[in-house]
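We count residues from 1, following the sequence as given.
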Amino acid sequence: MAWEENIHKVVPYVPGEQPVGTNIIKLNTNENPYPPAPGVADALRGIADEYDLMRRYPDPDARDLTKALADYYGIEDEQVFVGVGSDDVLAMSFLTFFDSDKPLLFPDITYSFYEVWAKLFRIPNKRIPLRDDFTIDPDAYLIPNGGIVIANPNAPTSLALDLDSIEKIVSGNPDSVVIIDEAYIDFGGESALPLIDRYDNLLVVQTFSKSRSMAGARIGMAFGSAKLISYLKDVKFSINSYTMSRDAIRIGTAAASLADENYFKEVTDRILKTREEAAGRLTEMGFDVAHSATNFLFVTHPDMKASDIYSALKEKNIYVRYFNLPRIDDHLRITIGTPEEMEELYKALQEVMK
Ligand SMILES: *Cc1c(COP(=O)(O)O)cnc(C)c1O
């Protein structure tokens with residue numbers, strides 16, 4: 001068809017499977033195995049009471065949520081941007097900050113959405129190889145570029161980069177915007193947030209989806225200099241004024257409030273404890289387990305192909321993530337579930353690996 005020639009054809013990002021049905025152990029999309037904070041349930045009930053407000057547009061600036069986040073992190077409201085999950089925040093950021101003829105830099109093994117957005121927005125890009133041990137080499141980012149995006153801790157490798165190395169990349173690239181995607185920062189990494197006051201080219205992106213157990217609410221945020229944030233808002237308001245629903249703003253505000261801080265810490269600690277147990281158990285089974293700073297483990301086994309383990313586990317209704325990609329096609333990414341779910345995983349693995 002002639003009209004097809006005018007279509008912007010893209011290869012989309014493929015999210016992890018969301019199988020329907022019960023009796024499934026879902027360790028494939030890094031969701032939190034525990035419910036969100038109790039304050040979120042109260043906020044949800046509040047929504048039902050005020051259902052009449054649904055006829056009104058939500059606050060285009062999501063001021064309640066922006067303010068709650070600014071208070072929580074001890075920064076100014078003008079340093080905060082919010083969106084429909086960090087995927088939305090990141091996509092807006094790519095569109096805003098990466099408009100150079102020079103290439104956008106990101107690791108060859110990282111969140112695969114980066115390449116999808118770069119292609120969608122026709123941003124020239126260059127993938128910087130991770131070292132053989134899958135760590136990021138900060139010096140490799142000190143080359144001419146039109147921007148940098150790094151997930152820290154990185155996914156799916158689970159490895160964290162220290163703050164000095166992050167600062168080296170940011171300070172070494174004063175002519176580019178550097179985005180640090182901190183989707184997993186609450187599970188062990190060191191946040192670059194304190195650097196935003198010193199480097200106006202740094203954007204730190206976080207999400208409620210992982211550590212705050214709210215993947216279904218779609219809430220993400222970016223922190224940066226007031227100038228960076230205002231450019232980001234200009235692009236957002238050029239696409240859709242009302243990205244965040246009234247409901248999302250309300251429950252996000254509740255979740256960001258300090259009252260729920262203890263619950264959040266407790267859940268995160270529990271996951272870290274299960275993670276360390278899991279690393280030990282999988283190592284005993286002969287897996288090579290990367291040193292995780294996230295809520296998942298990145299593993300490989302010398303005796304059995306990752307793709308075979310993935311399929312065998314799926315037969316047993318246990319879903320983990322397998323990426324058929326260069327360098328990592330013999331690895332699995334396993335989300336940390338509850339201790340009970342992990343016991344089921346060990347049992348299944350023992351049967352599978354016999
Ligand atoms: C999960 C994830 C995101 C996106 O999460 P949202 O649910 O859109 O907030 C972004 N970056 C990385 C590295 C992730 O793993």
> Does CG belonging to Asp99 count more than 12 external heavy atoms closer than 6.0 Å?
Replying inline: no
> Would a 4.5 Å heavy-atom cut-off, applied to side chains only, mark Asp88 and Met92 as touching?
Replying inline: yes
> In Å, rounded to the nearest 0.5 Å, how long is the span from CD1 of Ile318 to CG of Asn28?
Replying inline: 11.5 Å
> What do you reckon, is CZ of Phe323 surrounded by more than 12 foreign heavy atoms closer than 6.0 Å?
Replying inline: yes
> Where is the tightest heavy-atom contact between Arg131 and Pro138, given as atom of each residue plus distance?
Replying inline: NH2-CD, 3.8 Å
>> Are Ile128 and Leu104 linked, directly or through intermediate hydrophobic residues, by side-chain heavy-atom contacts shorter than 4.5 Å (ILVMFWY only)?
In response: no
>> Between the side chains of Arg270 and Glu266, is the shortest nitrogen-to-carboxylate-oxygen separation below 4.0 Å, so that they form an ion pair?
In response: yes
>> Show, in sequence, the C-alpha distance, side-chain angles and deciding distance for Ile309 and Tyr322, and conclude whether the side chain to side chain contact (heavy atoms under 4.5 Å, CB included) test is met.
In response: CA-CA 9 Å; Ile309 302 174; Tyr322 171 70; over 6 Å; no
> Mind checking whether Tyr242 and Tyr57 have parallel, tilted or perpendicular rings, split at 30° and 60°?
Replying inline: parallel
>> Can you give me the closest heavy-atom contact between Leu195 and Leu163, atom names plus distance?
In response: CD1-CD1, 4.0 Å
>> Closer than 3.5 angstrom, by distance alone: can the side chain of Ser241 be matched with the main-chain N or O of Phe237 as a donor-acceptor pair?
In response: no
>> For a side chain to side chain contact (heavy atoms under 4.5 Å, CB included) check, start with the C-alpha distance between Val170 and Arg198, then their side-chain angles and the critical distance, and finish with the verdict.
In response: CA-CA 10 Å; Val170 177; Arg198 277 191 286 137; over 6 Å; no
>> Once side chain to side chain donor-acceptor pair (under 3.5 Å) is applied, do any residues pair with Asp139, and if so which ones, sequence neighbours excluded?
In response: Lys168
> Going from CD1 on Ile7 to CD on Glu5, what distance comes out if it is rounded to the nearest 0.5 angstrom?
Replying inline: 10.0 Å
> With sequence neighbours excluded, what pairs up with Phe81 under the ring pair (Phe, Tyr, Trp, His ring centres under 6.0 Å) test?
Replying inline: none
> Tell me, do Tyr34 and Ile271 make a side-chain contact under 4.5 Å, heavy atoms counted?
Replying inline: yes
> Thr300 side chain to His331 main-chain N or O, any donor-acceptor pair under 3.5 Å?
Replying inline: no
> What are the two closest non-hydrogen atoms of Thr243 and Lys236, and how far apart are they?
Replying inline: OG1-NZ, 3.5 Å
>> Membership question, hydrophobic clusters at under 4.5 Å side-chain separation (ILVMFWY): are Val204 and Val80 in the same one?
In response: yes
> Any Lys/Arg nitrogen of Arg250 or Asp247 sitting under 4.0 Å from an Asp/Glu carboxylate oxygen of the other?
Replying inline: no
>> Restricting to non-hydrogen atoms, name the atom on Ile251 and the atom on Met214 that form the minimum distance, rounded to 0.1 Å.
In response: O-CE, 3.9 Å
> Of the options Thr66, Asp61, Asp59, which is the one that meets Arg63 in a side chain to side chain donor-acceptor pair (under 3.5 Å)?
Replying inline: Asp59
> Should the pair Lys233-Glu78 be classified as a salt bridge under the 4.0 Å nitrogen-to-oxygen rule?
Replying inline: no
>> With rounding to the nearest 0.5 angstrom, report the OH to CD1 distance, Tyr319 to Ile334.
In response: 15.5 Å
>> Rounded to the nearest 0.5 Å, what separates atom CG in Leu228 from atom CZ in Phe223?
In response: 13.0 Å
> Side chains of Asp162 and Ser165: donor-acceptor distance under 3.5 Å anywhere?
Replying inline: yes
> How many angstroms lie between CD in Glu284 and OH in Tyr346, if you round to the nearest 0.5 Å?
Replying inline: 9.5 Å
> Heavy atoms, side chains only, cut-off 4.5 Å: are Arg275 and Ser292 in contact?
Replying inline: yes
>> Between Thr135 and Asp133, is there a side-chain donor-acceptor contact under 3.5 Å, judged purely by atom types and distance?
In response: yes
> Are Ile150 and Ile109 linked, directly or through other ILVMFWY residues, by side chains that come within less than 4.5 angstrom of each other?
Replying inline: yes
Side-chain donor-acceptor contacts of residues 13-21 below 3.5 Å, not counting sequence neighbours, with atom names and distances?
unit_1	atom_1	unit_2	atom_2	d
Glu17	OE1	Tyr310	OH	2.9
Glu17	OE2	Lys314	NZ	2.7
Gln18	OE1	Lys26	NZ	3.0

> Using 4.0 Å as the upper bound for N to carboxylate O, is an ion pair formed by Arg246 and Glu50?
Replying inline: no
> Where is the tightest heavy-atom contact between Phe98 and Gly146, given as atom of each residue plus distance?
Replying inline: CD2-O, 3.7 Å
>> Using the rule given for side chain to side chain contact (heavy atoms under 4.5 Å, CB included), can you reason through Tyr111 versus Asp87, listing the C-alpha separation, both sets of side-chain angles and the distance that settles it, and then say yes or no?
In response: CA-CA 11 Å; Tyr111 191 37; Asp87 285 338; 2.7 Å; yes
>> Do Leu65 and Met221 have side chains that approach each other closer than 4.5 Å (heavy atoms only, starting at C-beta)?
In response: no
>> Quick test of your reading: applying side chain to side chain donor-acceptor pair (under 3.5 Å), list the pairs with at least one residue in residues 203-213, sequence neighbours left out, ordered by first then second residue.
In response: Asn32-Ser213, Tyr72-Arg212, Tyr73-Gln206, Glu182-Gln206, Tyr184-Lys210, Asp186-Ser211, Thr207-Ser209, Ser209-Arg218
> Do the side chains of His301 and Phe287 get nearer than 4.5 Å, heavy atoms only?
Replying inline: yes
> Quick one: do Asp269 and Lys265 make a salt bridge, cutoff under 4.0 Å?
Replying inline: no
> Linking I/L/V/M/F/W/Y whenever their side-chain heavy atoms sit closer than 4.5 Å, directly or via other members, would Val320 and Met304 fall into one cluster?
Replying inline: yes
> Regarding Asp181 and Tyr114, is there a side-chain donor-to-acceptor distance under 3.5 Å anywhere?
Replying inline: yes
> Got a donor-acceptor contact below 3.5 angstrom from the Asp108 side chain to the Leu130 backbone?
Replying inline: yes
>> Show, in sequence, the C-alpha distance, side-chain angles and deciding distance for Lys347 and Lys316, and conclude whether the side chain to side chain contact (heavy atoms under 4.5 Å, CB included) test is met.
In response: CA-CA 11 Å; Lys347 210 171 81 195; Lys316 294 176 176 294; over 6 Å; no
> Can you name the residues that form a side chain to side chain donor-acceptor pair (under 3.5 Å) with Asp175, not counting sequence neighbours?
Replying inline: none
> Are Ile148 and Trp117 linked, directly or through other ILVMFWY residues, by side chains that come within less than 4.5 angstrom of each other?
Replying inline: no
>> To check you understand the geometry: which heavy-atom pair defines the closest contact between Met244 and Ile249, and what is its length?
In response: O-CD1, 3.8 Å
> Are any non-hydrogen side-chain atoms of Leu313 and Leu27 less than 4.5 angstrom apart?
Replying inline: no
> Is there a side-chain contact between Ile336 and Phe187 (heavy atoms, below 4.5 Å)?
Replying inline: no
> Taking atom CZ of Phe134 and atom CG of Leu159, what is their separation to the nearest 0.5 Å?
Replying inline: 9.0 Å
>> Between Ile180 and Leu202, is there a side-chain heavy-atom distance shorter than 4.5 Å?
In response: yes
> Is the number of heavy atoms from other residues, nucleotides or ligands under 6.0 Å of Asp101 CG greater than 12?
Replying inline: no
>> Run the salt bridge (charged side-chain N to carboxylate O under 4.0 Å, His left out) test on Lys119 and Glu115 for me, step by step, so that the C-alpha distance in whole Å, both residues' side-chain angles and the decisive distance to 0.1 Å come before the verdict.
In response: CA-CA 6 Å; Lys119 286 188 172 153; Glu115 191 183 25; 3.4 Å; yes
> Salt-bridged, Glu4 to Lys9, with N to O below 4.0 Å?
Replying inline: no
> Going by the side chain to side chain donor-acceptor pair (under 3.5 Å) test, which pairs reach into residues 142-155, not counting sequence neighbours?
Replying inline: Thr110-Asn154, Asn145-Asn173, Asn145-Ser176
